[in-house]
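First comes the structure, then the notes that go with it.
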Amino acid sequence: MRVPFALPASALKLAAVAAFSVVLALGLAFAGALGHWSSGPDTVTTVSATVLAGVPCHGSGSERVSYLVDGGKQEAFLDACGHESGESVEVTVGDDVVHLARATTGATVDARPFAVVLLVFAGIAGAGFTQLRRRV
């Protein structure tokens with residue numbers, strides 16, 4: 001006589017929770033990877049600025065620049081060095097932050113989406129390995 005195959009209710013609940021967790025983790029990872037939680041400034045404007053006080057690169061401090069935004073003249077500290085007073089530089093103005101317009105840091109391709117997705121898959125793989133290891 002054959003006994004019909006039946007899964008216990010606890011196994012079905014565990015499978016449902018695991019599937020929901022994987023779907024939720026992937027959804028959050030893709031939302032983060034697409035930049036929905038970006039910490040960068042929303043609006044960045046490139047303007048021409050005049051250096052008011054330059055700082056040598058071997059010293060400490062920040063340069064001071066003056067620029068026109070929305071018809072008003074503003075002054076701000078620039079995180080750069082080596083410019084002469086009166087020199088004209090291109091700067092990007094964000095949310096109360098001024099940087100050189102042509103300054104780049106690191107890679108030119110934003111790798112955060114790939115890193116977030118790979119991190120989620122690594123977590124899922126680690127959880128699966130832990131489950132397999134517990135059975136032994």
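Evaluation of the salt bridge (Lys or Arg N to Asp or Glu O under 4.0 Å) test over residues 117-128, restricted to residues two or more places apart or in two chains, returns none. Residues in residues 16-30 take part in no salt bridge (Lys or Arg N to Asp or Glu O under 4.0 Å) pair, two or more places apart or across chains.
Here the closest non-hydrogen pair linking L52 and S66 is CD1-CB, 3.7 Å. Closest of all the heavy-atom pairs between L100 and L78 is N-CD1, 3.8 Å. The minimum heavy-atom distance between E90 and S48, with the atom names listed, is OE2-CB, 3.6 Å.
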Do any side-chain atoms of residues 68-76 form donor-acceptor pairs under 3.5 angstrom with protein atoms, and if so which ones, sequence neighbours left out?
unit_1, atom_1, unit_2, atom_2, d
Q74, OE1, Y67, OH, 3.4
E75, OE1, R64, NH1, 3.1

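Residues forming a side-chain contact (heavy atoms from CB on, under 4.5 Å) with V120 (at least two apart in sequence, or on another chain): A25, L26, A29, I124. Partners of L12 under the side-chain contact (heavy atoms from CB on, under 4.5 Å) rule, at least two apart in sequence or in another chain, are L7. Scored by the side-chain contact (heavy atoms from CB on, under 4.5 Å) test, S85 finds no partners at all (sequence neighbours excluded).
The CD atom of E63 lies 7.5 Å from the SG atom of C57; values are rounded to the nearest 0.5 Å.
Side-chain N/O atoms of S88 and T50 include no donor and acceptor closer than 3.5 Å.
Note on V55: it does not cluster hydrophobically with V51, by side-chain heavy-atom contacts below 4.5 Å among ILVMFWY residues.
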### Query
Is there a side-chain contact (heavy atoms from CB on, under 4.5 Å) between V65 and V98 once you walk through the steps?
CA-CA 9 Å; V65 295; V98 178; 4.3 Å; yes
